[in-house]
Amino acid sequence: MNRTLCAILILVFAGCFCPSYAQVGEENDLQSIIEEFRRRIENDVADDNVKGSISVAITKGDQIIWSGAYGAADFNSNIESDSTTIYRTGSITKSFTAFLMMQLVEDGTIKLNDPIEQYLPEIKGLIGYSNTAKINFQHLASHTSGLIREPKLDNAATGPIENWETKILQSIPKTSFKSKPGEQFGYSNIGYGILGLAISRAANKSFIELVKERIFNPLHMTNSFFIVPESRTDDLAKGMNLSPYGTINPDSELEHRGRGYKVPNGGIYSTPNDLAKFIASNLGYTGILQKNNLTIMHSKQTPEGNYGLGFFLYSDSTIKTVGHGGGVVGYTCHLVFEKESQYGVILMRNYNRGKTQLNAASHDLIRKLKKR
């Protein structure tokens with residue numbers, strides 16, 4: 001497989017046989033920006049020297065305008081990364097969980113202000129739970145439930161994926177509040193775990209099956225999974241240690257067998273090209289969620305901080321983006337898009353730290369693409 005994938009550059013000449021000088025200049029500028037970014041990623045992977053890889057997709061609207069992959073998906077088996085390489089997405093899973101929640105809102109199954117106890121009465125077992133301040137779907141999806149980040153349950157984040165719901169129920173009595181629901185932003189992994197189980201209860205169907213049926217399948221995300229099939233394990237990037245010796249992180253291997261309660265908040269595996277399809281759906285191209293509900297998801301839902309429903313929000317004098325990052329043992333990734341310019345960037349890596357600052361690099365690229 002080629003180490004560098006072919007660029008997919010879409011040229012629209014507005015019906016003219018020959019492009020104008022302005023169009024040629026704009027296209028050359030686009031290619032030069034992408035080439036600069038390509039070299040930066042390739043050089044960073046080489047300089048990091050951990051025998052890992054970074055895979056990239058850049059989107060415009062509902063199209064991938066460039067994708068590339070650099071380094072080893074599995075150094076010890078001499079497998080280089082490419083467009084089919086699968087990575088763990090970590091907390092980008094939360095964006096899918098919130099998206100699914102909004103689909104249930106749209107079809108009338110739930111309301112954002114429905115108390116979670118209506119579908120998951122076990123939530124009353126939270127330490128400090130009060131009938132005067134009930135947690136609802138919006139609280140959980142916006143990280144304003146007031147719940148602590150992780151449950152105080154030993155081994156909550158270990159165990160087979162088939163038992164994740166049991167781990168949630170066991171975690172509830174070991175989870176307390178640090179603020180009242182709706183009062184402040186507080187990032188909570190257990191909150192998103194509870195959200196996923198409540199969604200499942202409300203729809204009367206497995207959470208994993210709901211994501212497959214309502215998101216993966218209609219978007220043709222054929223390289224996205226909660227459990228990587230045996231036939232695709234050779235396409236799964238190995239989570240690497242931060243060393244120059246090509247050693248696999250043993251904890252990342254253990255987590256492939258199961259992540260305990262961390263399924264709705266960190267369980268998805270995917271590729272940059274598949275996540276590009278998810279960006280397109282969030283830009284309103286696919287119709288699996290109406291634009292008014294996308295607007296709600298991408299609007300600030302917190303009294304402080306900048307978080308919508310399943311997405312971080314960022315703005316400065318040049319760009320206004322929606323996105324989410326993910327970091328788990330052996331993997332880091334970032335997904336971001338800007339609705340105004342329609343540009344999006346996905347970066348996926350099979351090691352935890354390196355020269356490429358995924359968040360900053362993605363935003364810097366969108367600034368350059370928008371400015372050109």
Side-chain angles (χ1 to χ4, degrees), residues 9-10 12 22-41 43-44 54 56-68 90-92 94-95 98-99 141-144 184-187 272 275-276 278-285 291-327 332-349 353-372:
L9 294 172
I10 300 164
V12 180
Q23 288 170 320
V24 170
E26 289 175 3
E27 193 54 50
N28 288 340
D29 193 29
L30 172 63
Q31 293 187 51
S32 66
I33 291 170
I34 292 175
E35 174 59 19
E36 178 186 25
F37 188 75
R38 185 202 68 76
R39 287 197 305 268
R40 173 182 175 182
I41 298 299
N43 291 337
D44 283 357
I54 295 179
V56 190
I58 303 171
T59 67
K60 172 75 169 176
D62 63 345
Q63 301 291 327
I64 297 172
I65 60 172
W66 182 84
S67 63
S91 287
I92 289 176
K94 293 181 175 72
S95 302
F99 194 99
S142 62
H143 293 296
T144 59
Q184 63 184 50
F185 175 83
Y187 195 86
L275 291 180
F278 186 58
I279 285 181
S281 71
N282 274 275
L283 290 173
Y285 284 96
K291 290 188 177 181
N292 63 309
N293 286 318
L294 290 171
T295 298
I296 293 170
M297 285 189 68
H298 305 153
S299 300
K300 183 176 176 179
Q301 302 290 332
T302 57
E304 79 225 353
N306 291 291
Y307 202 86
L309 299 177
F311 287 101
F312 283 98
L313 311 175
Y314 173 83
S315 62
D316 60 24
S317 60
T318 57
I319 58 174
K320 185 176 182 179
T321 63
V322 179
H324 216 294
T332 46
C333 54
H334 197 77
L335 173 155
V336 66
F337 58 93
E338 190 190 46
K339 300 181 85 169
E340 180 183 349
S341 67
Q342 300 273 292
Y343 282 114
V345 181
I346 303 112
L347 291 166
M348 307 188 81
R349 178 170 63 191
R353 293 190 307 277
K355 286 190 68 176
T356 304
Q357 302 298 312
L358 304 188
N359 187 356
S362 300
H363 281 95
D364 183 53
L365 178 59
I366 289 178
R367 286 188 191 95
K368 291 178 179 178
L369 291 170
K370 182 179 180 179
K371 185 179 179 181
R372 70 180 186 87

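Partners of His298 by ring-ring contact (aromatic ring centres under 6.0 Å, His included), not counting sequence neighbours, listed by chain and number: Phe311, Phe337. Residues meeting the salt bridge (Lys or Arg N to Asp or Glu O under 4.0 Å) test with Lys339, sequence neighbours left out: none. For Asp364, the salt bridge (Lys or Arg N to Asp or Glu O under 4.0 Å) criterion is met by Arg40, Lys368, not counting sequence neighbours. For Arg39, the salt bridge (Lys or Arg N to Asp or Glu O under 4.0 Å) criterion is met by Glu35, not counting sequence neighbours.
At a threshold of 4.5 Å between non-hydrogen side-chain atoms, the residues Trp66 and Val56 count as touching. In this structure, Leu365 and Ser362 have side chains that are not in contact, with every pair of non-hydrogen atoms separated by 4.5 Å or more.
Residue Lys94 holds its NZ atom at 7.0 Å from OH of Tyr307, rounded to the nearest 0.5 Å. In this structure, the separation between CG on Leu275 and NE2 on His324 is 13.0 Å, given to the nearest 0.5 Å.
For residues 306-322, every residue pair satisfying the salt bridge (charged side-chain N to carboxylate O under 4.0 Å, His left out) rule, not counting sequence neighbours, is listed here: Asp316-Arg367. Annotation: salt bridge (charged side-chain N to carboxylate O under 4.0 Å, His left out) contacts involving residues 299-312, sequence neighbours excluded, are absent.
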### Query
Checking side chain to side chain contact (heavy atoms under 4.5 Å, CB included) for the pair Leu313/Val322: CA distance, chi angles, key distance, verdict?
CA-CA 5 Å; Leu313 311 175; Val322 179; 4.1 Å; yes
### Message
Does Ile319 form a side chain to side chain contact (heavy atoms under 4.5 Å, CB included) with His363? I'd like the steps, not just the answer.
### Response
CA-CA 8 Å; Ile319 58 174; His363 281 95; 3.6 Å; yes
### Task
Decide side chain to side chain contact (heavy atoms under 4.5 Å, CB included) for Leu283 and Ile279; before the verdict, give the C-alpha distance in whole Å, the side-chain angles of both, and the deciding distance to 0.1 Å.
CA-CA 6 Å; Leu283 290 173; Ile279 285 181; 4.0 Å; yes
### Task
Could you check Leu369 against Ile58 for side chain to side chain contact (heavy atoms under 4.5 Å, CB included), going step by step and ending with a plain yes or no?
CA-CA 10 Å; Leu369 291 170; Ile58 303 171; 3.9 Å; yes
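Gln63 and Tyr285 form no side-chain donor-acceptor contact under 3.5 Å, judged by distance and modelled atom types alone.
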